[in-house]
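One structure is given here, and the rest of the page talks about it.
Count residues from 1 along the sequence.
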Amino acid sequence: MNRKKKRGGTEVAFRPQTIIEARYDLDRRQNDILDILLGIVGEGDDTEENTRYEINIGDVKHLYNLHDESNAYSYLQKAVKKFEGLGFRLKEDEGTDIYYPWFSKIKYQKKRGDENRSKIVLDLHPEVKEMIMSAKQGAYYRIEYPLNLTKKYSKRLYYLLKDKETFNGGVFVIAFDELRKMMKIPDSYANGNVKREILDKPFQEINGNTDISFEYELIYERLPSGQQSISAVRFRVTRIKRNRTVVEYETIEKNGETVVATEEEQEIIDILDCSLKEAKDILRTAKANDRTHEQMIEILTYTLKKQVENKVGYVLTILKNGYNEPTKFEGKPSGSSWKNKELDTAYSQMNFADLEKQILSN
């Protein structure tokens with residue numbers, strides 16, 4: 001074990017620089033699971049050979065801002081399930097990269113009548129465990145801070161800033177293209193939109209709600225066309241002392257009142273990056289058309305892969321009509337058993353804004 005032994009118990013995590021800078025796209029809840037796991041790895045009498053870790057619900061649910069702690073197991077189980085079949089990619093050198101699965105095995109154990117004894121058992125790939133234990137560079141942080149950030153890019157940027165907070169007085173520069181790649185931003189996304197998502201929104205959320213604050217400056221370059229483009233970002237990170245803090249779920253202002261998203265609504269917001277109102281519309285349409293939770297998540301994931309401007313309208317249309325319009329689902333098949341065909345031809349001439357209004361008026 002080459003890195004120094006962390007202090008603070010399981011509520012402090014160490015995230016290696018290799019994982020911080022790796023290319024992957026995890027949502028808010030999935031990063032939560034990694035934070036909890038990284039708080040356990042290397043703690044107590046953990047050995048380098050051990051690769052199996054238990055997340056006990058009773059030990060971690062207090063870290064969350066849950067309105068109903070009796071649902072803590074279901075909340076964490078949904079997050080872990082989305083790791084199934086996923087991994088991350090590391091660039092070893094110019095011609096070689098390596099793909100690792102996040103977990104080689106996942107076991108769910110729910111204790112009926114005593115949720116505090118429910119647990120999720122995670123097996124790490126041996127090389128991933130070695131990567132964590134032998135890392136000399138990375139970020140130490142109290143997991144309560146990223147756990148209660150509501151935006152997935154806020155979390156990713158928080159880890160990067162924590163890794164750099166003691167480097168060169170907290171000042172560092174990173175290429176804008178590299179920042180995009182780290183956070184798996186599609187090349188088709190305009191720089192202005194990317195700046196808003198990975199810099200402006202995290203700036204509003206991280207500052208004042210965590211143990212650090214930051215400022216950033218955009219560095220521009222002139223393109224052959226004569227236009228200016230963002231080439232890099234200069235960050236300045238400052239460590240601040242804070243008491244324990246909790247940030248609520250995504251909120252919106254409506255008639256001067258704050259509306260807080262439910263767990264189901266926040267899940268939709270995390271996946272589709274939509275507004276709270278749109279999440280409510282999607283959930284209401286799914287329930288009105290007897291769609292299961294698995295079907296709804298499949299539709300959301302499917303829509304993310306499509307090049308459509310009105311993703312909410314696209315989701316609502318499938319929720320109401322099915323993949324093969326106007327075919328309805330028969331019975332209650334699982335997400336992978338009902339027909340999933342391309343919609344490009346069937347829906348190429350449809351006006352999704354009008355369809356959205358029509359569906360929501362029913």
- Message: Assess whether a salt bridge exists between Lys277 and Asp281, defined as any Lys/Arg side-chain N lying under 4.0 Å from an Asp/Glu carboxylate O.
- Response: yes
- For Ser118, check side-chain contact (heavy atoms from CB on, under 4.5 Å) against everything at least two apart and list the hits. Ile57, Tyr73, Lys110, Lys111, Glu115
- Task: For Lys195, check side-chain contact (heavy atoms from CB on, under 4.5 Å) against everything at least two apart and list the hits.
- Result: Leu199, Asp200, Tyr216, Leu218
- Item | With Lys287 via salt bridge (Lys or Arg N to Asp or Glu O under 4.0 Å) - residues at least two apart | Glu264
- Message: Show, in sequence, the C-alpha distance, side-chain angles and deciding distance for Ile268 and Glu278, and conclude whether the side-chain contact (heavy atoms from CB on, under 4.5 Å) test is met.
- Response: CA-CA 9 Å; Ile268 295 170; Glu278 291 169 329; over 6 Å; no
- Report the residues that fulfil side-chain contact (heavy atoms from CB on, under 4.5 Å) with Asn193, sequence neighbours left out, ordered by chain and then residue number. Ala190, Arg196
- Task: Only counting residues at least two apart or in another chain, list the ones meeting ring pair (Phe, Tyr, Trp, His ring centres under 6.0 Å) with Phe103.
- Result: Phe83
- Task: Return yes if a side-chain donor-acceptor contact under 3.5 Å exists between Tyr158 and Asn31, otherwise no.
- Result: no
- Heavy atoms of other groups near Tyr189 OH, more than 12 under 6.0 Å: no
- For Tyr100, which of His125, Glu127, Arg89 qualifies under side chain to side chain donor-acceptor pair (under 3.5 Å)? Glu127
- Query: Can Arg239 and Glu165 be counted as an ion pair, charged N to O under 4.0 angstrom?
  - Reply: yes
Show the atom names and distances, to 0.1 Å, of all donor-acceptor pairs under 3.5 Å that link a side chain in residues 228-236 to residues at least two apart or in another chain.
from: Ser231; atom 1: OG; to: Ile219; atom 2: O; distance (Å): 3.0
from: Arg234; atom 1: NH1; to: Glu217; atom 2: OE1; distance (Å): 3.1

- Note on the structure: Residue set satisfying salt bridge (Lys or Arg N to Asp or Glu O under 4.0 Å) with Lys155, at least two apart, ordered chain then number -> Asp32
- Message: Applying ring pair (Phe, Tyr, Trp, His ring centres under 6.0 Å) as the test, list every pair that has at least one member in residues 21-43; sequence neighbours left out.
- Response: Tyr24-Trp102
- Query: Considering residues at least two apart in sequence or located in another chain, which fulfil the salt bridge (Lys or Arg N to Asp or Glu O under 4.0 Å) criterion with Glu197?
  - Reply: Lys201
- Query: Salt bridge check: are Glu48 and Lys129 linked by an N-O gap of less than 4.0 Å?
  - Reply: no
- Item | Carboxylate-amine/guanidinium contact Lys162 Asp211, below 4.0 Å | yes
- Among all residues two or more places apart in sequence or in another chain, which pass the side-chain contact (heavy atoms from CB on, under 4.5 Å) test with Arg52? Asn50, Lys105, Val121, Asp123
- Message: Just to verify, what does Glu54 make a salt bridge (Lys or Arg N to Asp or Glu O under 4.0 Å) with, not counting sequence neighbours?
- Response: Lys119
- Task: With sequence neighbours excluded, tell me which residues meet side chain to side chain donor-acceptor pair (under 3.5 Å) with Lys164.
- Result: none
- Would you check if there is a donor-acceptor pair between the side chains of Thr10 and Glu43 at a distance under 3.5 Å? no
- In plain terms, say whether Lys82 and Asp27 are close enough for a salt bridge, that is, a side-chain N and a carboxylate O under 4.0 Å apart. yes
